[in-house]
> 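Just passing along the structure, written as structure tokens.
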Amino acid sequence: MRIVFVGPPGAGKGTQSQRLVERLAIAHLSTGDMLREARQKQTKVGRLAEEYMAAGKLVPDELVLALVGERITSPDCARGVLFDGFPRNVKQAEELDAMLAERRMAIDMALELAVDDEEVIRRLAGRGRPDDEPRVVAERLKTYWGQTRPLLDYYRGRGILETVRGDGTIDQVFARVLKAVDKRAGRGGARGSE
Ligand code: AMP
């Protein structure tokens with residue numbers, strides 16, 4: 001199964017992703033993790049991405065798409081992939097669809113983790129990552145609202161959007177996530193995940 005996970009920063013995507021990839025035994029493709037690793041190793045991509053990340057802005061599409069394009073051809077992605085934090089805008093979503101179509105594959109579901117804006121701000125305030133500084137948080141939220149949220153319409157239009165509420169305990173949220181995944185898999189969403 002190939003799943004796109006969408007939600008604002010601080011929604012708990014990271015935690016839920018870890019659990020979900022374990023449960024479904026699929027690859028976890030987090031562009032945020034890949035970019036942080038590239039930054040830490042000071043690769044060319046990492047150096048180019050740095051300033052955007054520090055400012056809470058999206059790293060240019062070409063850089064991110066190159067990373068993803070390389071990764072999805074790796075054998076661990078054959079069984080299925082959870083795309084976490086990617087795509088972040090409609091352009092990336094279109095490019096992802098095209099990349100997958102070349103391999104006769106498609107996204108089976110987009111999973112939205114929905115959290116109120118006030119709650120997001122409250123959660124991010126307690127996290128302590130360098131890009132969680134208030135000014136950067138505000139910018140990341142603006143980026144989410146302006147560029148990433150339109151993705152929900154993109155996937156809704158394709159009839160593959162499932163929304164789960166992100167409030168409550170980690171276990172409660174995970175139960176909702178699994179229910180949404182089961183629902184989708186039951187409709188043939190697991191097709192092609194051999
Ligand atoms: P994340 O851990 O997913 O919140 O990502 C941290 C930062 O990495 C973001 O604020 C962006 O600067 C950058 N980033 C991660 N994924 C993407 C993406 N798909 N497109 C552009 N920038 C990204």
Side-chain angles (χ1 to χ4, degrees), residues 1-38 64-90 92-115 120 123 127 129 144 148-149 151-194:
M1 204 174 189
R2 276 166 294 273
I3 304 172
V4 162
F5 208 3
V6 187
K13 280 200 312 292
T15 311
Q16 297 297 328
S17 290
Q18 289 298 342
R19 289 202 169 190
L20 191 56
V21 296
E22 266 176 43
R23 178 63 70 98
L24 300 179
I26 59 176
H28 183 197
L29 192 158
S30 158
T31 46
D33 286 351
M34 291 163 86
L35 287 166
R36 277 184 287 278
E37 194 187 321
V64 176
L65 288 164
L67 285 178
V68 172
E70 207 173 293
R71 178 75 206 283
I72 59 171
T73 57
S74 69
D76 72 310
C77 289
R79 278 210 60 189
V81 184
L82 180 68
F83 294 93
D84 174 10
F86 174 87
R88 276 297 226 282
N89 58 28
V90 172
Q92 292 182 6
E94 288 169 349
E95 294 286 337
L96 175 62
D97 282 349
M99 273 191 249
L100 291 175
E102 270 176 29
R103 299 178 175 80
R104 298 181 174 283
M105 293 174 180
I107 295 296
D108 301 296
M109 89 182 276
L111 183 62
E112 179 198 4
L113 195 55
V115 178
V120 165
R123 289 191 195 181
R127 209 161 69 163
R129 229 167 62 179
Y144 179 75
T148 306
R149 207 145 51 179
L151 276 184
L152 300 177
D153 286 333
Y154 179 87
Y155 289 117
R156 193 177 291 116
R158 278 162 178 65
I160 58 169
L161 181 69
E162 297 285 344
T163 298
V164 302
R165 288 187 3 243
D167 62 301
T169 66
I170 290 172
D171 287 340
Q172 283 168 337
V173 177
F174 190 56
R176 291 178 203 136
V177 165
L178 284 183
K179 203 169 146 196
V181 169
D182 283 347
K183 183 174 153 199
R184 185 52 52 180
R187 285 194 202 151
R191 247 187 336 210
S193 63
E194 65 282 337

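All values below come from the heavy atoms of this structure, side chains included, with hydrogens, waters and symmetry mates left out.
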> Got a salt bridge between K179 and D182, using NZ or NE/NH1/NH2 to carboxylate O under 4.0 Å?
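D182 and K179: not salt-bridged.
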
> Measuring from atom CD1 of I107 to atom CD1 of I3, what distance do you get when rounded to the nearest 0.5 angstrom?
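One gets 9.0 Å once the value is rounded to the nearest 0.5 Å.
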
> Check whether any side-chain heavy atom of D171 lies under 4.5 Å from a side-chain heavy atom of R19, and answer yes or no.
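Yes, at least one pair of side-chain atoms sits under 4.5 Å.
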
> Do T31 and L67 have side chains that approach each other closer than 4.5 Å (heavy atoms only, starting at C-beta)?
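The answer is no; the side chains never approach within 4.5 Å.
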
> Answer yes if the side chains of S74 and D76 hold a donor-acceptor pair under 3.5 Å, and no otherwise.
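Side chains of S74 and D76: pair found under 3.5 Å.
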
> Using 4.0 Å as the upper bound for N to carboxylate O, is an ion pair formed by R123 and D167?
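Salt bridge: no.
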
> Between E112 and T163, which heavy-atom pair has the shortest distance, and what is it?
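Closest pair (atom of E112, atom of T163, distance): OE1-OG1, 2.8 Å.
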
> Are V173 and L113 close enough that some pair of their side-chain heavy atoms sits under 4.5 Å apart?
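The answer is yes; the side chains approach within 4.5 Å.
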
> Kindly indicate whether the side chain of F83, heavy atoms from C-beta on, has any atom under 4.5 Å from the side chain of I72.
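The answer is yes; the side chains approach within 4.5 Å.
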
> Can you run down the salt bridge (Lys or Arg N to Asp or Glu O under 4.0 Å) pairs that involve residues 96-106, sequence neighbours left out, and say none if there aren't any?
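Sorted result for residues 96-106: D97-R158.
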
> May I ask you to test the L151-V4 pair for a side-chain heavy-atom distance under 4.5 Å?
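Of all side-chain heavy-atom pairs linking V4 with L151, none is under 4.5 Å.
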
> Do other residues, nucleotides or ligands put more than 12 heavy atoms under 6.0 Å from R23 CZ?
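No, the 6.0 Å shell around CZ holds no more than 12 heavy atoms from other groups.
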
